[in-house]
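The next block holds one structure in the form of structure tokens; read it before the comments.
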Amino acid sequence: VSEFRSTRDVPDLVLRGRVVTSGTLLGDGIVAISGQRIVWVGRADDAPRASWPAAQTVGSTLLPGLIDIHCHGGAGGTFSDGSGTESRAAAHHHLAHGTTGLVASLVTADESAMITALSASADLVDDGVIIGIHLEGPFLSPARCGAQDPAHMRQPDPLMLDRLLDAGRGYVVSMTYAGELAGAGKMVERLTASGVVPSLGHTDATFASASSSLSAAAASAPTGRASVTHLFNGMRPFHHRDPGPGAASLRAARRGEAVVELVADGAHLADATVATVLELVGPPSVALVTDAMAAAGRPDGRYRLGGRTVDVVGAVARLTSAGEQPGALAGGTSRLIDIVRRCVQLAGVDLADAVEAASSTPARLLGVDRDRGMLAAGRRADVLAVDDDLVPVAVWKDGVLLDQIA
Ligand SMILES: [Zn+2]
């Protein structure tokens with residue numbers, strides 16, 4: 001899997017178990033860590049361990065720390081309207097369940113609220129709590145608003161975009177946009193010039209419009225790929241006579257021009273849909289995401305999301321509805337390992353494929369794959385140990401064991 005880098009790299013922690021990384025599975029593997037870095041990964045039989053400390057077995061399977069590129073919050077708080085304490089608690093909750101690379105998603109709101117949330121989230125990046133910021137709007141289609149507030153949606157506005165990116169201090173890594181809006185093309189250019197991955201979503205685009213927007217975005221995107229925000233959710237639905245953005249996204253993903261996010265929690269997508277997409281485009285083009293809101297790790301009840309109220313019933317979050325119609329889905333309540341588990345246990349996805357879509361694929365999309373998203377020599381020692389049911393047992397971040405799974 002990876003080479004022994006140097007005989008001087010004597011590890012201070014040696015973990016042994018089933019090892020899953022980069023789409024492969026080692027039945028009996030070793031992950032050796034020195035300080036904050038992984039120094040060796042491979043089959044236990046091949047490990048040069050004469051002078052190494054004794055290997056520890058923790059849980060049954062070692063996974064790379066997971067990377068969630070679409071997450072609004074957890075543990076009662078959101079990044080859009082939580083205090084600093086609440087935002088840190090949200091990030092810690094996901095970390096304690098194995099998400100060592102978290103991107104904070106900010107919902108569409110009025111500009112001053114978004115700027116406040118951007119500034120607060122940038123502080124979290126400075127402190128190493130999260131790895132970046134995702135803007136979900138405000139240049140979205142009111143026709144496909146989902147839980148995003150249509151009252152605050154705007155036509156693309158370059159000056160407003162500059163103000164938002166400035167407030168993010170260079171830490172905005174992706175932005176959801178509706179490709180059919182007037183001026184969307186110029187906005188994509190501005191985003192990619194700033195190193196931001198454009199993510200098509202909350203869109204009512206036709207197939208042709210979505211296709212050309214994704215192609216243009218991929219051509220200039222920092223890592224050569226556009227993103228698609230929660231494929232099939234918040235977009236004109238796939239129809240065989242009106243294939244829309246869903247078909248355009250699948251085709252771009254199959255060509256390696258886009259990575260499609262899937263909220264594979266059983267509420268946003270049927271398990272068979274998840275399995276179908278993974279089989280059609282492959283795990284290198286799929287990013288599993290939680291889209292988690294405040295109720296992740298909390299019981300059913302009433303929560304806030306960017307100034308709107310959300311009722312969580314049976315772990316499914318919907319906008320509070322006064323009428324008989326249920327409100328729109330308003331984010332998820334899972335942690336990323338829960339999504340991986342569901343993919344494996346209910347959608348029948350290979351464990352190595354599900355883990356790839358929750359670690360190395362999102363890392364590659366954001367251009368941080370030399371540092372994160374894989375159990376391989378040279379990467380950060382971000383490791384998640386799980387049991388046979390894929391329940392987290394221990395998490396290491398930068399080689400440091402989190403003392404408690406909360
Ligand atoms: Zn979202």
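Both ligands and their constituent atoms are indexed starting at 1 by order of listing.
Put simply, His134 stays out of reach of the Zn ion (ligand 1), with no N, O or S atom under 2.8 Å from it. For His230, every N, O or S atom stays at 2.8 Å or more from the Zn ion (ligand 1).
Counting heavy atoms of neighbouring residues, nucleotides and ligands inside a 6.0 Å radius, atom CZ of Arg144 exceeds 12 of them.
Within His70, the N/O/S atom positioned nearest the Zn ion (ligand 1) carries the name NE2.
A salt bridge links Asp28 with Arg16: at least one charged nitrogen is closer than 4.0 Å to a carboxylate oxygen.
Here Glu136 contributes OE1 and Asp291 contributes OD1, and at the Zn ion (ligand 1) these two atoms make an angle of 170°, given to 10°.
The only option from Arg372, Arg37, Arg380 that meets the salt bridge (charged side-chain N to carboxylate O under 4.0 Å, His left out) definition with Asp398 turns out to be Arg380.
With ring centers used as reference points, His230 lies 6.0 Å or more from His268.
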